[in-house]
Visitor: 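Submitted below is the structure of interest, expressed as structure tokens.
When a ligand or atom number is given, it counts from 1 through the structure's own listing order.
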Amino acid sequence: MPTVKRLRLVAVAIGLILLLGTVGWMWQDSLVHGEHSVTDMGRPDLGGGRPTTDHDNEHDHEHGLSIAELQDSETGAADVEVLLVARSERIRLDSGRDMQALTLNGETPGPVIRAEVGQMIEVELRNASVTDGTTIHWHGVEVPNAMDGVAGVTQDAVAVGESFIYRFRPQRAGTYWYHSHQHSHEQVPLGLVGALVVEPPGGLDPAVKDVVALVHSYGGTRTINGRTGEVPIDAAPGDRVRVRVINTANGPMSAWVSGVPFRLLAIDASELNAPSLVSDRQVQVAAGGRADVDLVVPDSGARIDLGGPSLVLGSAPPAEPRPELYLDPLSYGEPAPIDFDTARPDRRFEYTIGRRPGFVRGMPGMWWTINGRHYPKTPMFMVSEGEVVHVAFASRNDVHPMHLHGHRMLVLARNGVRATGSPWWVDSLNLAPGEDYEVAFRADNPGAWMFHCHHLGHAADGLVAHLMYEGLTVPYLIGDGNEPE
Ligand code: C2O
Ligand code: CU
């Protein structure tokens, strides 16, 4: 063989070895080794704040307070006691469709739990037959961290035959929901969900009818409280009704009212200030989000369309087409003071979602990135108690409903336009492609908190980061039976 040809062959061989080596290294690097602690995941992002622990030292998870201690220490009788028995079983929808599902006390959605602000809620979750194990996460509630219900982060999954007791006192009235946070991208669609309503101290206004409308899709069949089609509500002309819309899906949902003007009273369990009457607007409810709608039933009846099924209040008016315009919370209602200084944050984080080829959990593919990195190298946003935190979200591709556990975030601006309406607090923020949002929150609930996309399929594909308070340790492990996504 002539020398030139031989040299070329050697060069190609070396190139191939280098390429394979790099790809192999990327693959190996993407593996989440068996069991691991959430504190070893990701890269600490200090957001310009000061470090209080030694991050180069394997994130120091030997020392510090265990998050298992972060719960109410009192043991007295609770004000509201609920037993939830989780089962895997077949259900039949009212459409006649028969399917495998996950139920709580034999039903899906599970029972509506109601409590007043400050009351102690005690929920015993018993797993009768969910073979992967299960948990309950209290979506939107600022629970103590040990009660957050995330398998592998705040507790171990509850195996068949076992139980777990959740105890917490909700601090804010509003509409919440609960769902499994073990294999959540499978267990939530299968129906392990329910509504939680926190009433103001002293209970609800008896003059207002209170209606929960939990919207959930069972294998593509959209339901309201488990019912398909037109769902009648027992209401008469002149009745004032508060409808609590809950979107358990992976994507945003549109809600619109026909027959009468309405007010949007609350978003994600936070009351809006001075909401005006509106008509001819659709309300977008983010995946995981809630919207509370107030209306007075007219003589001719009212209807709330919820993306397929509808709620009918009084006699059924004809369905109107979906309004073209959206009610924009950025400018809806009136401003009100905020009890922290959003202009002087202690930490500034960026949460930019992109996508690029690589390996996640050893699988090649086009995977989501957060700030340019694939899971598990996604950020660990570090904070200290009492700090004001600023987050800039941006999506370069898809719709991503961003959900922060244990806190509520105040929307400051969208695409550079400042919020001018009522304070707009969210725990689930719909981030559309090409959009960016600025939010701020107060770090007032110590713990290890998931901060992820609530398109649960995206989360399972690695769209997960964490908010971590300094000086805490996590005694649970992801892997070996704990799979939060
Ligand atoms: Cu509604 Cu991390 O969840
Ligand atoms: Cu997403």
Visitor: In this structure, which one of H400, H374, H455 forms a ring pair (Phe, Tyr, Trp, His ring centres under 6.0 Å) with W368?
Guide: H400
Visitor: What's within reach of the Cu ion (ligand 2), meaning protein N/O/S atoms under 2.8 Å?
Guide: H400 ND1, C453 SG, H458 ND1
Visitor: Sort by chain and number the protein N/O/S atoms that are closer than 2.8 Å to atom 2 (Cu) of ligand 1, and list them.
Guide: H181 NE2, H405 NE2, H452 NE2
Visitor: Can you tell me how far the CG atom of L472 sits from the CG atom of N145, to the nearest 0.5 Å?
Guide: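 So the gap between those two atoms works out to 7.5 Å.
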Visitor: Just checking W177 against H403, ring centres under 6.0 Å apart?
Guide: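 No, the ring centres sit 6.0 Å or more apart.
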Visitor: Applying side chain to side chain contact (heavy atoms under 4.5 Å, CB included) between T108 and each of T103, L214, L102, report the one that passes.
Guide: T103
Visitor: Check whether any side-chain heavy atom of R97 sits under 4.5 Å from a side-chain heavy atom of R92, and report yes or no.
Guide: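 A side-chain contact is absent here, since even the closest heavy-atom pair is not under 4.5 Å.
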Visitor: Going by the side chain to side chain donor-acceptor pair (under 3.5 Å) test, name the single residue among E124, E122, Q155 that passes it with Y166.
Guide: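 Per the side chain to side chain donor-acceptor pair (under 3.5 Å) rule, the option paired with Y166 is Q155, out of E124, E122, Q155.
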Visitor: I'd like to know whether CD of E74 has more than 12 heavy-atom contacts from other residues, nucleotides or ligands below 6.0 angstrom.
Guide: yes
Visitor: Is the distance between the ring centroids of H405 and H407 under 6.0 Å?
Guide: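 Judged by ring-centre distance (under 6.0 Å), H407 and H405 do not meet the cut-off.
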Visitor: Pairing donors with acceptors under 3.5 angstrom, does anything connect the side chains of T175 and R290?
Guide: no
